[in-house]
Amino acid sequence: MKLYPLFADLKGLPVLVVGGGTVAARKVAALLDAGAQVRLGAPQLDSGLMQWVEEGRLRWMAGAYMPAWLDDVWLVIAATDDRALNAQIAAEAGERRIFVNVVDDAAQSRFHVPAVIDRAPLTIAISTAGAAPALASRLRETLEQVVDHAYGSLVTLAQHHRRHIVGRFPDLAARRGFYRWLHDGPVFSLLRHARPADAERCLTEALRADKVGPAKGSVALVGAGPGHPELLTLQALRALNQADVILHDQLVSADILAMARRDAERIDVGKRCGGHQVAQAHIHQLMLMHARAGQRVVRLKGGDPFVFGRGGEELTYLHAHGIDCEIVPGITAAVACAAFAGVPLTHREHAHSVCLLTAHGRDGIDRLDAGILANHRQTLAVYMGVEKIGALTSRLLAHGRRADTPFALVENGTMPQQRVVAGVLRDLPALARSHAVTTPALLIIGEVAGLAKDHACFGQLLTVQQETTRRAAHKPRA
Ligand code: SAH
């Protein structure tokens, strides 16, 4: 079956829907949204439909179907569960040359209702001519993710300035160039950042200027989340799809890099050369150089860029050099590891606050506030702590944190090789050692960590009975 695609303006036109159930209600909702004058025929109605009738939003013809219902209407949707009745309605509508749709019956339908991505005034409609509606909805879901809501605003803006644009660029090639700038450049970016007035100003200034300047480079500081590709945000995915250059950390998984634009240049700035990471100053220079060359740079970091990710420094540096920046948050390791280990970071009974901290760096542990560390009913989420576990544990105990405070140490959180080692504080250094826990690992300390043994549902959980460990800890080493 080959269909002719069509978008109909139903504003103010009478349209008939036959049926009073949930399917009819869905059709009625879409028709009302398009401004149609809905007439609904059915012996009785679902409560939602009844409410619309009471609100005066549609006219209800109560009772069994009558051909007279077809009088004056432009379209009919048959949404009853009676096949014979639907067929009768389709035949009678056909005789009167009224377009009819029978829900879930392509053969009886003169018009089909597509799966829709609604970014009004932009509408994307998908049809498989009734052959594979499930595939149409699958495609719709995919497009819902790709076509963000700013597209609707861009269409409205373009419509508003259309005559002006045509007047300013009578030459078709020049006009195309301008539209390319409009669709890919700063105007759209401003709309995406909920700054419609600035977007409008940017467009008007560009129309007044002699010519549109060369593409301006930019940097997006993007959080890639903890590693699991499905924990990437839609915004991060969009940034990866638009990137010309990606500067990524070592923590970013290959699965996530594979989702980026195929021809984007990928630079691993987490690579250790001779034991040293690429220096931060060098990363700054790389970002600046590529952005100044007009490229869209994505600085891709594990977790969130603003949580132990040096995103703050990079942002300050870029702003100081006049580079346009965008920050795309990511799911930080504490949040993700806690979820995947079955540990609620706060809990009405066990923890009223959570503290994200790192034991890393020179004097890292010594600088931590003793009060923060020792508070009971507070969860500590320790980043980059593997090497300092012994010192951190001693410091906590010295400041009065109870020796039987539970902990959960999450290694490679959210990845297929995730391991959770759980126990109590006094056993922490020994358990980390005996299980040879390596980086990346996130350490959760606090009463809530005790819940891991009941709720962990991903990867391996290694718990040790408290009593056994206590004995083991006191056993003299062989
Ligand atoms: N910006 C990142 C943190 C970078 S610091 C974020 O918001 O998550 C690096 C530390 O984060 C690691 O040493 C480890 O403690 C933690 N981390 C990051 N990803 C992790 C993961 N998948 N599993 C466990 N810990 C992780």
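Only heavy atoms go into these numbers, but all of them, side chains included; no hydrogens, no water, no symmetry mates.
- Residues Gly21 and Asp46 share a closest heavy-atom pair of C-OD2, 3.5 Å.
- Of the possible donor and acceptor atoms, one in the side chain of Arg266 sits under 3.5 Å from a partner among the backbone N and O of Ala264.
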Review point. Val28 and Leu32: side-chain contact (heavy atoms from CB on, under 4.5 Å), yes or no, with the steps?
Key: CA-CA 6 Å; Val28 168; Leu32 288 175; 3.8 Å; yes

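- The shortest distance between side-chain heavy atoms of Ile444 and Phe407 does not fall below 4.5 Å.
- Heavy-atom contacts from other residues, nucleotides or ligands closer than 6.0 Å to CZ of Arg175 number more than 12.
- The shortest side-chain heavy-atom distance between Val17 and Val38 falls under the 4.5 Å cut-off.
- Using a 4.5 Å cut-off on side-chain heavy atoms (C-beta onward), Leu409 and Leu442 make no contact.
- Judged purely by atom type and a 3.5 angstrom limit, Gln418 uses its side chain to pair as donor or acceptor with the backbone of Thr414.
- Remark: side-chain polar atoms of Thr204 are paired, donor with acceptor, to backbone N or O of Glu200 under 3.5 angstrom.
- Heavy-atom neighbours of Arg96 CZ from other residues, nucleotides or ligands within 6.0 Å: above the threshold of 12.
- The main-chain N or O of Gly185 is never found under 3.5 Å from a side-chain atom of Ser189 such that the two would form a donor-acceptor pair.
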Considering only distance and modelled atom types, tabulate donor-acceptor pairs under 3.5 Å from the side chains of residues 58-69, sequence neighbours left out.
{"from": "Trp60", "atom 1": "NE1", "to": "Ala42", "atom 2": "O", "distance (Å)": "2.9"}
{"from": "Tyr65", "atom 1": "OH", "to": "Glu92", "atom 2": "OE1", "distance (Å)": "2.8"}

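- Crowding of Glu230 atom CD: a count of heavy atoms from other residues, nucleotides or ligands under 6.0 Å not exceeding 12.
- Within the 4.5 Å cutoff, the side chain of Asp244 has heavy atoms near those of the Arg261 side chain.
- Applying the ring pair (Phe, Tyr, Trp, His ring centres under 6.0 Å) test to residues at least two apart or on different chains, none of the pairs has a partner in residues 7-59.
- The side-chain hydrogen bond (donor to acceptor under 3.5 Å, both in side chains) test applied to Asn101 returns no partner, not counting sequence neighbours.
- A distance of 12.0 Å separates OG of Ser127 from CG of Leu6, quoted to the nearest 0.5 Å.
- Between the CG atom of Leu40 and the CD1 atom of Ile77 there is a distance of 11.0 Å, given to the nearest 0.5 Å.
- Asn412 places no side-chain N or O within donor-acceptor distance of the main-chain N or O of Met415, the cut-off being under 3.5 Å.
- Applying the side chain to side chain contact (heavy atoms under 4.5 Å, CB included) test between His248 and each of Val298, Asp268, Ile256 identifies Asp268 as the sole match.
- Residues Ala158 and Leu182 approach most closely at CB-CD2, 4.3 Å, considering heavy atoms.
- Note that CE of Met287 and CG of Leu318 are 4.0 Å apart. Values are rounded to the nearest 0.5 Å.
- The shortest side-chain heavy-atom distance between Glu326 and Leu221 does not fall under the 4.5 Å cut-off.
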Practice item. May I have the step-by-step check of side-chain contact (heavy atoms from CB on, under 4.5 Å) for Phe169 and Leu207, ending in yes or no? Key: CA-CA 9 Å; Phe169 300 99; Leu207 283 170; 4.1 Å; yes

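- Counting heavy-atom neighbours within 6.0 Å of Phe99 CZ, excluding the residue itself, gives a total of 12 or less.
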Table please: side-chain donor-acceptor pairs of residues 329-348 below 3.5 Å, with sequence neighbours left out.
{"from": "Thr332", "atom 1": "OG1", "to": "Tyr383", "atom 2": "OH", "distance (Å)": "2.6"}
{"from": "His347", "atom 1": "ND1", "to": "Glu349", "atom 2": "N", "distance (Å)": "3.1"}

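- Interatomic distance, Glu314 CD to His319 NE2, rounded to the nearest 0.5 Å: 12.5 Å.
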Tell me which donor-acceptor pairs under 3.5 Å the side chains of residues 102-109 have, and how far apart each pair is, sequence neighbours excluded?
{"from": "Asp105", "atom 1": "OD1", "to": "Ala107", "atom 2": "N", "distance (Å)": "3.4"}
{"from": "Asp105", "atom 1": "OD1", "to": "Gln108", "atom 2": "N", "distance (Å)": "3.4"}
{"from": "Ser109", "atom 1": "OG", "to": "Val102", "atom 2": "N", "distance (Å)": "2.9"}
{"from": "Ser109", "atom 1": "OG", "to": "Val102", "atom 2": "O", "distance (Å)": "3.1"}
{"from": "Ser109", "atom 1": "OG", "to": "Asp105", "atom 2": "O", "distance (Å)": "2.8"}

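- Ion pairing between a basic and an acidic side chain is recognised when a charged N comes within 4.0 Å of a carboxylate O; Lys11 and Asp9 show no such pairing.
- In summary, Asp249 and Arg299 engage in a salt bridge, as defined by a charged side-chain N under 4.0 Å from a carboxylate O.
- Residue His352 holds its NE2 atom at 10.0 Å from OG1 of Thr379, rounded to the nearest 0.5 Å.
- In this structure, Met1 and His112 have side chains that are in contact, with non-hydrogen atoms separated by less than 4.5 Å.
- Of all heavy-atom pairs spanning Val219 and Ala291, the tightest one is CG2-CB, 4.0 Å.
- Residues Val76 and Ile98 approach most closely at CG2-CG2, 3.7 Å, considering heavy atoms.
- In this structure, Arg119 does not pair ionically with Asp148, as no charged nitrogen and carboxylate oxygen lie closer than 4.0 Å.
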Practice item. Evaluate side-chain contact (heavy atoms from CB on, under 4.5 Å) for Arg26 paired with Val23, printing each intermediate quantity in order. Key: CA-CA 5 Å; Arg26 263 206 318 273; Val23 179; 4.3 Å; yes

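- Looking at Asn241, its side chain does come within 3.5 Å of a backbone N or O of Leu237 through a donor-acceptor pair.
- Of all heavy-atom pairs spanning Leu49 and Gly20, the tightest one is CD1-O, 3.4 Å.
- Counting non-hydrogen atoms of neighbouring residues, nucleotides and ligands closer than 6.0 angstrom, the CG atom of Asp454 exceeds 12 such neighbours.
- Nearest approach of Pro114 to Ala125, heavy atoms of both residues: CG-CB, 3.5 Å.
- Between Leu143 and Ile126 there is a side-chain heavy-atom pair separated by less than 4.5 Å.
- For the atom pair His350 NE2 and Arg377 CZ, the distance stands at 8.5 Å (nearest 0.5 Å).
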Review point. Yes or no on side-chain contact (heavy atoms from CB on, under 4.5 Å) for Val382 and Thr358, after CA distance, side-chain angles and deciding distance?
Key: CA-CA 5 Å; Val382 187; Thr358 178; 5.9 Å; no

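- Ile246 is not listed as a side-chain neighbour of Ile267, based on a closest heavy-atom distance of 4.5 Å or more.
- Residue pairs that meet the ring pair (Phe, Tyr, Trp, His ring centres under 6.0 Å) test with at least one member in residues 119-167, sequence neighbours left out, are Tyr151-Phe188.
- Atom CD of Glu144 has more than 12 heavy atoms from other residues, nucleotides or ligands within 6.0 Å.
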